[in-house]
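Below you'll find the structure, written out as structure tokens, and then a few comments.
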Amino acid sequence: MADEEEDPIDEEQLDEYREMVDELGAFPDKVKINSLSMVAEDHADSRANAAAIYGVIRKPLVASNISSDKKLPLVYVIDSILKNVKGSYIPVIEEDAKTWMPVVYQALPEDKRAKLKKVWNLWKNANIFEESKWQEMGSCFSGTSAGTSSDAATSNPDLEKAGITWGKDGSLLLMPNLKEAMQSILDDLQSDVTDELEKVSLERLAAIDTALLIKIKQTAEDSLRSGSATGQMSMSNEQSQGEENLLSFLVETRSAEAIEQSSAWEKLNLNHVKDAHEIMASLQHLLRDGSSADKRYTQQEALDTTAALAAAAVTAGLLTATVEELSKSDKNNSAVSSILNMGAGQRSNPASSFVKVDKSLFTNEGLKKRNDAVVGVLYEVGLPFVSSADGRRFSTQVELSDHLDALFKKGQLEKAMATTEERGWYISDSAFSLEQEMEEMQISNPGTSEADDPAKTETEADPDSFTELADEARDRCVICGLNFKMYFDNEDGVFKYKNCREIEVLNDETAIKESEEMLVHVSCWRNMGCPPQLNPEQALQEFMNHD
């Protein structure tokens with residue numbers, strides 16, 4: 001019914017698909033293979049259309065005038081359709097693969113035949129075909145591999161001397177545990193190969209590199225002999241060897257120094273739940289004391305102490321996590337034992353376990369939870385040196401010293417600007433007229449004292465005696481650009497600025513307002529000649545309002 005309902009594929013569509021197959025060439029481009037599979041998926045419901053699409057791929061596979069380099073990529077296309085598309089292609093290919101598989105096998109060079117066999121084995125692992133059909137289409141591998149392995153054993157006496165023989169099915173006759181260990185070593189050697197089809201098996205390695213296979217066998221035997229010492233053929237030897245392995249766990253393999261340190265820990269009477277807070281506080285105190293700005297170190301001393309400070313920070317985090325788990329377990333022995341077992345698997349490298357992050361927690365709720373281990377690695381370990389002046393962190397003592405030097409120079413600059421008295425450039429006419437008026441008033445009122453003179457008070461009084469209410473919008477001097485020093489006035493109960501006064505600043509012609517009231521340092525104002533108001537040129541442009 002599906003074939004009747006499905007429209008038959010026309011010749012134009014087949015021509016387009018044939019062009020895509022030709023463009024694949026000798027390189028198995030994954031993008032092109034996926035494109036061919038996607039087009040084939042549109043016709044997976046119709047057996048007739050699936051057979052037509054498959055015929056386009058099959059024709060160059062069996063053609064004698066097609067280069068052998070282009071045949072293996074076409075096999076990869078069929079493999080992609082069988083695994084990703086399936087549908088009507090499975091019965092079509094199942095009936096026909098036995099005809100072209102031997103032809104492709106004979107056309108391929110020796111190094112690419114193993115890749116073709118790899119594809120054939122993957123079809124069995126995926127349970128695509130029936131066992132009998134799969135064996136029939138791969139008959140070229142079983143007959144040839146047996147002959148090849150027999151010839152290899154005959155032509156390579158080193159294999160027989162090393163105890164490597166071949167079976168009738170073309171596989172190596174080795175003990176299961178030895179063969180498993182050899183395969184594990186071979187997989188480690190091929191860890192850089194990303195394509196599974198590019199990897200070789202032990203049987204293939206015996207044909208192309210006998211010396212490497214023998215070396216792998218010797219390494220696997222040494223590993224088994226030192227670890228489990230299996231490989232003996234007799235049952236009695238395996239049993240006695242098993243008893244020896246069981247007793248080997250009771251043999252002390254640690255150094256004398258490690259045993260002494262362990263015995264010292266056993267004598268320590270420590271209540272982890274009760275004393276954990278005190279221990280962590282001590283570790284944090286040592287960390288802060290070691291990174292204090294009062295204690296200057298040389299670069300070499302800083303490098304030497306970094307490891308100790310990092311270990312202390314990670315240890316504090318480890319104790320914190322352990323105490324939290326112990327508290328949650330509600331003193332349940334089973335829960336405590338599970339925590340200890342978990343810790344036993346991480347004793348070899350406790351710091352690395354804290355670096356690992358559970359990606360399942362990358363959710364809206366999981367990100368809200370604090371991870372003390374990650375925080376410890378980022379701050380106590382990565383940035384252990386803390387500035388006492390502003391609380392910033394640095395990775396080395398040298399960076400901290402440079403930062404403190406920069407703060408010191410900035411403070412000295414502020415003091416110099418507060419104490420240095422310089423002559424102003426040009427005094428304004430209004431200021432000159434005001435001084436003339438004050439002089440005339442002094443002449444007309446000779447009984448007035450100097451203490452009652454407000455102008456003299458502003459020019460000679462202590463700059464810190466001039467205060468203004470703290471205003472976040474006006475926290476810097478418009479003359480020098482530095483921040484005002486803020487303090488809390490206990491009498492008025494508000495925050496105020498020292499060495500600060502309010503002055504009228506004239507705006508330029510583009511501004512809406514003619515002038516604005518701004519704050520300046522009294523010392524800066526005096527250095528400019530104590531003008532009653534500032535011109536736009538005398539104030540920093542970043543503070544001018546041009547709206």
Side-chain angles (χ1 to χ4, degrees), residues 292-294 386-392 403-428 430-439 441-442 445 448-507 515-545:
S292 175
D294 297 335
V386 185
S387 172
S388 60
D390 53 5
R392 292 184 59 185
H403 176 67
L404 295 176
D405 293 339
L407 293 179
F408 177 78
K409 291 179 181 179
K410 182 178 179 181
Q412 292 296 323
L413 178 62
E414 292 180 0
K415 293 181 181 179
M417 295 187 66
T419 56
T420 302
E421 296 182 1
E422 298 179 356
R423 179 181 65 83
W425 286 98
Y426 296 99
I427 191 168
S428 62
S430 59
F432 180 78
S433 301
L434 180 62
E435 290 181 359
Q436 289 293 98
E437 293 176 2
M438 295 301 299
E439 291 178 359
M441 291 178 62
Q442 289 289 341
N445 299 314
T448 305
S449 61
E450 294 181 357
D452 297 335
D453 189 354
K456 190 170 184 179
T457 302
E458 287 188 352
T459 57
E460 296 181 359
D462 185 9
D464 290 338
S465 63
F466 293 85
T467 61
E468 291 288 341
L469 292 176
D471 186 358
E472 294 181 356
R474 303 185 299 174
D475 60 340
R476 290 189 292 170
C477 175
V478 297
I479 298 176
C480 64
L482 298 178
N483 294 88
F484 298 105
K485 293 183 179 180
M486 187 171 60
Y487 74 101
F488 184 79
D489 192 343
N490 294 324
E491 295 180 359
D492 297 338
V494 294
F495 285 94
K496 293 184 177 181
Y497 292 145
K498 288 184 179 181
N499 187 17
C500 178
R501 65 159 293 172
E502 195 176 53
I503 190 171
E504 182 182 13
V505 180
L506 300 176
N507 292 327
S515 63
E516 291 183 77
E517 296 294 330
M518 297 186 180
L519 300 180
V520 298
H521 284 121
V522 176
S523 55
C524 297
W525 174 69
R526 291 178 179 177
N527 292 337
M528 299 187 69
C530 304
Q533 59 186 8
L534 296 179
N535 296 324
E537 295 79 11
Q538 295 174 319
L540 296 177
Q541 293 300 316
E542 61 181 288
F543 295 95
M544 301 301 295
N545 187 6

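What you see below is based on every heavy atom in this structure, not just the backbone, and it leaves out hydrogens, waters and symmetry mates.
- For the pair N499 (side chain) and S523 (backbone), a donor-acceptor distance under 3.5 Å is present.
- The line from SG of C477 to CG of L482 is 7.5 Å long, rounded to the nearest 0.5 Å.
- Atom-to-atom distance recorded for K496:NZ and E468:CD is 9.0 Å, nearest 0.5 angstrom.
- A side-chain N or O of H403 and one of D390 form a donor-acceptor pair less than 3.5 Å apart.
- No side-chain donor-acceptor contact under 3.5 Å links W525 to the backbone of V520.
- Counting heavy atoms from C-beta on, the side chains of C480 and H521 come closer than 4.5 Å.
- In this structure, S387 and L404 have side chains that are in contact, with non-hydrogen atoms separated by less than 4.5 Å.
- Looking only at side-chain heavy atoms (C-beta outward), S515 and L506 come within less than 4.5 Å of each other.
- Residues L534 and I503 are in side-chain contact: their nearest non-hydrogen atoms beyond the backbone lie under 4.5 Å apart.
- In this structure, CZ on R476 lies 12.0 Å from CE on M518, to the nearest 0.5 angstrom.
- I479 is listed as a side-chain neighbour of M528, based on a closest heavy-atom distance under 4.5 Å.
- The backbone N or O of E502 lies less than 3.5 Å from no partner atom in the side chain of R474, so there is not a single donor-acceptor pair.
- Figure legend: cation-pi geometry between K498 and Y487, with NZ or CZ positioned under 6.0 Å from the six-membered ring centre and within 45° of its axis.
- The salt bridge (charged side-chain N to carboxylate O under 4.0 Å, His left out) check on D464 picks up nothing, with sequence neighbours excluded.
- In this structure, the side chain of Y497 does not engage the main chain of N483 through any donor-acceptor pair within 3.5 Å.
- Note that CG of N507 is 9.5 Å distant from CD of E504, once rounded to the nearest 0.5 Å.
- When side chains are defined from C-beta on, V386 does not count as touching R392, because their heavy atoms never get closer than 4.5 Å.
- Contact between R526 and A461 at its shortest, heavy atoms only, is NH2-O, 2.5 Å.
- Inter-residue side-chain proximity for L469 and V494 is flagged as met; some heavy-atom pair is nearer than 4.5 Å.
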